[in-house]
**Q** 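Just passing along the structure, written as structure tokens.
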2 protein chains.
Amino acid sequence: MSKIQVTENGTRKQAIIQQAAGLFRQKGFAGSSMRELAERIGVEAPSLYNHIGSKNELLENICFSVANQFMAQLERIEADGFSAIQQLEQVLRFHIHMMVHAYDEVFVANHEWKQLKQPFLSDFLQQRKNYEQRLITMVQAGIAQGLIKPVQPQIAVLTILSAVRGLEFWQGQKNSIHWDELENNMVDHLLNGLVQ
Amino acid sequence: MSKIQVTENGTRKQAIIQQAAGLFRQKGFAGSSMRELAERIGVEAPSLYNHIGSKNELLENICFSVANQFMAQLERIEADGFSAIQQLEQVLRFHIHMMVHAYDEVFVANHEWKQLKQPFLSDFLQQRKNYEQRLITMVQAGIAQGLIKPVQPQIAVLTILSAVRGLEFWQGQKNSIHWDELENNMVDHLLNGLVQ
DNA sequence: CTGAAAAACTAATAAGCGTTAGTTTTGTTG
DNA sequence: CAACAAAACTAACGCTTATTAGTTTTTCAG
């Protein structure tokens, strides 16, 4: 049959992972079969194992690729010397950016990480907790500087992260959306509120 | 073996659905097996079929029970004559209430509705769209009355709904949380913002 | 106590799963 | 063009799945 198409600068393994992200997003990890993944690529299922180790390895690749990207960006923002509010805004905008440009992967990492096996599950959760903690510290700094209301920092962080996750609901109408406007509206809503 | 324990005023079918909600939340619908569900109840898998029609029927029951509860409450709020902001606050508080008191069912309805089969999938999506639209109308009314900033109503609604969904992340520490404080913090954040 | 209905059981089926083994085709390099 | 490696193929394995059929046990009203 045909061969696995390789896009520029990508290995066959990367092509498989990308297709897997799309499939796992649509059907969930447990609801997806290697046979269906293979069919989408245009190949028989056992052929996939020339390039990957297992179905679970695909999920691990997707989840940790996303986690690493968020972590790397957070480190950049923490080091840039802006105010807590400005840093929070940058974090917000990066989450929105990822939701638009790496939708499938982010969605899968958000929804299917539970299906990771040990020790990957623990690793992932720890990384996630660490990320949240650093955002909480950011909010605390903002409160200490008098820029942010004296709220419970963890509640604020969770509210923001959850709100941004909701961008997945917009993806259906991907092409009819003004992403700039959406981004600015959300940033304003989450930082300045809704009430006139 | 033992029998399916029936709690007060509940049929055996309801007991199965309740256990299924807990299992589906933990492992996902596709990741859960009827054998494991039966084991949790203390019965052999085929015995379940004396009370239910199929595995999919369980998911349908959970999803539409949740949808109906939200719809009924929205109708009550719409009819109570309060201001748009007050109505929005009531909606918010009800979502938080459901997240605390019917966690498993709400979680499953939020995450596993994709696995519904036709025509249930279409029904569910339509009901969801209808719910969102009525919240959008609520925000529009608030803007017209000068109570709410002239934002994009659908963005505001989605930001709020997504933020509330994030309460699922708090359930792990269910007993160590002051839910009143959490609720008030979120309502204030989403209506009045974070900035001092 | 008897008999019927409810609810459990055991056994089995067909289908689908991830994955392995072994082989053939394809692509590339000397 | 020969040889070697990469990547596809077919066939099959052992397991799990949801579900059905048929039977036995339990529950409960008359």
Side-chain angles (χ1 to χ4, degrees), chain A residues 1-21 23-24 26-63 108 112 114-118 120-121, chain B residues 1-21 23-24 26-63 108 112 114-118 120-121:
Chain A
M1 199 169 289
S2 67
K3 294 198 61 173
I4 297 178
Q5 276 304 327
V6 178
T7 55
E8 197 170 340
N9 277 345
T11 66
R12 283 176 171 78
K13 178 169 181 175
Q14 287 172 318
I16 294 173
I17 292 172
Q18 188 178 316
Q19 282 287 328
L23 179 61
F24 294 170
Q26 282 183 32
K27 310 224 169 174
F29 177 72
S32 303
S33 75
M34 295 302 278
R35 286 173 171 83
E36 179 164 4
L37 174 57
E39 191 181 9
R40 288 195 178 200
I41 294 175
V43 108
E44 295 299 319
S47 303
L48 298 173
Y49 289 82
N50 285 321
H51 307 284
I52 63 163
S54 68
K55 187 188 180 189
N56 270 278
E57 188 192 289
L58 290 173
L59 184 61
E60 291 151 17
N61 271 280
I62 294 167
C63 289
V108 170
E112 304 294 334
K114 285 186 199 181
Q115 319 272 357
L116 287 171
K117 299 195 170 163
Q118 297 292 10
F120 301 101
L121 181 58
Chain B
M1 199 166 290
S2 67
K3 293 197 61 173
I4 297 179
Q5 277 303 329
V6 176
T7 55
E8 197 169 341
N9 277 344
T11 66
R12 283 177 171 78
K13 178 168 180 174
Q14 288 172 319
I16 294 172
I17 293 172
Q18 188 178 317
Q19 282 288 328
L23 179 61
F24 293 170
Q26 281 183 30
K27 310 224 170 173
F29 178 72
S32 302
S33 75
M34 297 301 279
R35 283 172 172 82
E36 179 162 5
L37 174 58
E39 191 181 8
R40 289 193 178 202
I41 293 174
V43 107
E44 294 299 318
S47 304
L48 298 173
Y49 289 84
N50 285 322
H51 309 283
I52 63 162
S54 67
K55 184 187 180 189
N56 270 278
E57 189 193 287
L58 291 172
L59 183 62
E60 291 150 18
N61 272 281
I62 294 167
C63 289
V108 170
E112 303 294 334
K114 286 186 196 180
Q115 319 271 357
L116 287 170
K117 298 194 172 165
Q118 295 293 9
F120 302 100
L121 181 58

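The basis for the numbers below is simple: all heavy atoms, side chains too, and nothing from hydrogens, waters or symmetry mates.
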**Q** Write down the distance between CG (B:L37) and P (D:dT16), rounded to a whole number of angstrom.
**A**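 For the pair B:L37 CG and D:dT16 P, the rounded distance is 18 Å.
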
**Q** Applying side-chain hydrogen bond (donor to acceptor under 3.5 Å, both in side chains), can you list everything that pairs with A:E39, at least two apart in sequence or on another chain?
**A**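 Residues passing side-chain hydrogen bond (donor to acceptor under 3.5 Å, both in side chains) with A:E39: none at all.
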
**Q** Could you tell me how far apart A:I52 (CD1) and D:dA6 (P) are, to the nearest whole angstrom?
**A**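 Roughly 18 Å, once rounded to whole Å.
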
**Q** Just how far, in rounded Å, is C1' of D:dT17 from NZ of B:K27?
**A**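 Whole-Å distance recorded here is 15 Å.
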
**Q** The criterion is side-chain hydrogen bond (donor to acceptor under 3.5 Å, both in side chains); which residues satisfy it with A:K27, sequence neighbours excluded?
**A** A:E36

**Q** Write out a two-atom table: protein N or O, nucleotide N or O from nucleotides 12-18 of chain C, distance below 3.5 Å.
**A**
unit_1, atom_1, unit_2, atom_2, d
C:dC17, OP1, A:S33, OG, 3.4
C:dG18, OP1, A:S32, O, 3.3
C:dG18, OP1, A:M34, N, 3.2
C:dG18, OP1, A:K55, NZ, 3.2
C:dG18, OP2, A:M34, N, 2.8
C:dG18, N7, A:R35, NH1, 2.9
C:dG18, O6, A:R35, NH2, 3.1

**Q** Work out which heavy atom in A:E112 is nearest to a heavy atom in A:F29; give both atom names and the distance.
**A**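 Smallest interatomic distance, heavy atoms only, reads OE1-N, 3.2 Å.
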
**Q** Nearest whole Å is fine: how far is C:dC9 P from B:E39 CD?
**A**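 In whole Å, C:dC9 P lies 12 Å from B:E39 CD.
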
**Q** Could I get the full list of side-chain hydrogen bond (donor to acceptor under 3.5 Å, both in side chains) partners for A:R40, not counting sequence neighbours?
**A** A:Q26

**Q** Listed by chain and number, what are the side chain to side chain contact (heavy atoms under 4.5 Å, CB included) partners of A:N50, not counting sequence neighbours?
**A** none

**Q** Considering just the side-chain nitrogens and oxygens of A:S47, establish if one lies under 4.0 Å of OP1 or OP2 belonging to D:dA7.
**A**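 No, because none of the side-chain N or O atoms of A:S47 sits under 4.0 Å from OP1 or OP2 of D:dA7.
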
**Q** Using atom CG of B:L58 as one end and atom P of D:dA18 as the other, report the distance to the nearest whole Å.
**A** 11 Å

**Q** Grab the CD-P distance between A:E44 and D:dA12 for me, whole Å please.
**A** 15 Å

**Q** Of all the heavy-atom pairs spanning B:L116 and B:E60, show the shortest one and how long it is.
**A** CD2-CG, 3.6 Å

**Q** Can a donor-acceptor pair under 3.5 Å be found between the side-chain atoms of B:N50 and the base atoms of C:dA8?
**A** yes

**Q** Round to a whole Å and report the spacing from CZ of A:R12 to C1' of D:dA6.
**A**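 The distance from CZ of A:R12 to C1' of D:dA6 comes to 8 Å, rounded to the nearest Å.
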
**Q** Could I get the full list of side-chain hydrogen bond (donor to acceptor under 3.5 Å, both in side chains) partners for A:K55, not counting sequence neighbours?
**A**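 Here no residue qualifies.
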
**Q** Using whole Å, report how far NZ of B:K13 lies from C1' of C:dA7.
**A** 16 Å

**Q** Any side-chain N or O of A:H51 under 4.0 Å from OP1/OP2 of D:dA8?
**A**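 So the side-chain polar atoms of A:H51 do come within 4.0 Å of the phosphate oxygens OP1 or OP2 of D:dA8, strictly under.
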
